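All ligand and atom numbering here is 1-based and tracks the order in the structure. Since we're looking at a predicted model, the values are computed, not measured.
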Amino acid sequence: MKNPESNKMLDFQQLLLGPNIDFKEIIEKVQKITNLKLDGYREEYLTRRIIYHLSKNKITNLNHYFEKLTKDKELLDSLIDCLTVNVSSFFRDKSSFDYLQKKILSYLSKQFSYLRIWSLGCSVGAEIYSIAFLLNSAGLMSRSELIGSDNDSGALNRAVSGMFNASEIKNLPPKYARFFTELQKENGQKVWMINSSLKEVVTFIKHDLASEAPLSGYRGMRKFHLLICRNVVIYFSRELKEKLYELFYDWLEPGGILFIGANESIIGPARKKFEQIHNQFYRKPL
Ligand SMILES: C[S@@+](CC[C@H](N)C(=O)[O-])C[C@H]1O[C@@H](n2cnc3c(N)ncnc32)[C@H](O)[C@@H]1O
């Protein structure tokens, strides 16, 4: 069955843009205004998201749109949110986290005396904080270093704040409640803040995967034992995905693990270099 929302959007696209619209030009303008590096993203994905943003804001004139984007910070932020899609949750894809807890962490802690862990495209931090809960529970925190990175400053600010609302924590097992403090905002709304002892062990850094650059300036960019990049590369072109998987291979220590998203697989030359050890887990051979 067709999604009525997507039909509505198609009508909007036809009404607004007509048959001869040059979407490459629009994407270039959006890239300049948002300062996001968009050339590695799939054109079809960007087109869909920009149309959605226009339709949501009931804007039908592109010149007005671009002019408004340069003046209206809220509209600009909402466009960045719309392009980067920050959906995330604690222990997203539970069976993978179960495997990580039972097999991967014990393998890594036996193999290496110290664990450097990097979540790329970490959104609001739920993914890297989930790893922190597991490390803390396994007594591995004192020999671990955790980094979360994203190209969206709004998401990173939320990650640094460590604040989550009731719906974001509602599915967390009660044993993790000890990592949060319940607070009440001025408007009476309850929020849960990650305790500072745990928050302090995660460093959040702005990093754009599309730039294909390593984490510059971060302790000389030493190699990592666990890289987590899940539900991020789905927006990228095949070419950028292939390059990134090669880079992830380079950024790992031999024996290190790459953890990718459900429904994702490694493509390109890196596929032959990694050993798949379980659904979403790949190892760089020793
Ligand atoms: C759907 S969320 C996934 C969050 C988390 N990894 C998870 O699986 O729950 C995708 C995240 O990737 C980030 N992202 C998108 N393009 C990026 C890029 N070029 N560089 C770094 N992060 C990017 C978005 O800002 C967003 O926070």
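In terms of protein heavy-atom proximity, atom 7 (C) of ligand 1 is closest to Arg92 NH1, 3.2 Å. Looking only at protein heavy atoms, the nearest one to atom 24 (C) of ligand 1 is Thr84 O, 3.1 Å. Nearest protein heavy-atom contact of atom 20 (N) of ligand 1 is Leu209 N, 2.8 Å. For atom 4 (C) of ligand 1, the closest heavy atom belonging to the protein is Gly121 O, 3.3 Å. Considering only non-hydrogen protein atoms, atom 19 (N) of ligand 1 sits nearest to Asp208 OD1, 2.8 Å. Residue, atom and distance of the protein heavy atom nearest to atom 25 (O) of ligand 1 are Asp150 OD1, 2.5 Å.
The Asn231 neighbourhood of ligand 1 comprises atoms 1 (C), 2 (S), 3 (C), 7 (C), 8 (O), 10 (C), with distances under 4.0 Å to a heavy atom of that residue. With ligand atoms numbered from 1 in the order given, ligand 1 contributes 20 (N), 21 (C) to contacts under 4.0 Å with heavy atoms of His207. Interface atoms of ligand 1 facing Ser123, defined by a heavy-atom separation under 4.0 Å, are 4 (C), 27 (O). Every atom of ligand 1 is numbered from 1 in the order shown, and the set under 4.0 Å from a heavy atom of Asp152 is 25 (O). Near Ser88, meaning under 4.0 Å from any of its heavy atoms, are these atoms of ligand 1: 4 (C), 5 (C), 7 (C), 9 (O). Close approach to Glu127 involves these atoms of ligand 1, each under 4.0 Å from a residue heavy atom: 5 (C), 6 (N), 7 (C), 8 (O).
Ser237 has its side chain out of reach of Tyr41: every pair of non-hydrogen atoms, C-beta onward, lies at least 4.5 Å apart.
No salt bridge links Glu253 with Lys284; every basic N to acidic carboxylate O contact stays at or beyond 4.0 Å. Salt bridge absent: Lys32 and Glu28 never bring a charged side-chain N and a carboxylate O closer than 4.0 Å. The existence of a salt bridge linking Arg230 and Glu127 is confirmed by a sub-4.0 Å separation between a basic side-chain nitrogen and an acidic carboxylate oxygen. Using a 4.0 Å cut-off between charged nitrogen and carboxylate oxygen, Arg116 and Glu145 do not count as a salt-bridge pair.
Considering every non-hydrogen atom in both Ser109 and Arg143, the closest pair reads O-NH2, 3.2 Å.
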From CA spacing to verdict: side-chain contact (heavy atoms from CB on, under 4.5 Å), Phe259, Ser96: CA-CA 9 Å; Phe259 178 14; Ser96 292; 3.6 Å; yes
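Heavy atoms of Gly261 stay at 4.0 angstrom or farther from ligand 1.
Counting heavy atoms under 4.0 Å from ligand 1, residue Ala155 does not touch it at all.
Classified by interplanar angle (parallel below 30°, tilted 30° to 60°, perpendicular above 60°), the ring pair Phe90/Phe133 is parallel.
For Arg238, the salt bridge (charged side-chain N to carboxylate O under 4.0 Å, His left out) partners at least two apart in sequence or on another chain are Glu242.
The residue from Ile234, Leu36, Asn151, Leu120 that puts a heavy atom closest to atom 18 (C) of ligand 1 is Asn151. Selection from Phe90, Tyr41, Phe91, Tyr235 by nearest heavy atom to atom 16 (N) of ligand 1 gives Tyr41.
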With a cut-off of 3.5 Å and sequence neighbours excluded, list every side-chain donor-acceptor pair involving residues 183-194.
unit_1, atom_1, unit_2, atom_2, d
Gln184, NE2, Gly188, O, 3.0
Asn187, OD1, Gln189, N, 2.9
Lys190, NZ, Glu182, OE2, 3.4

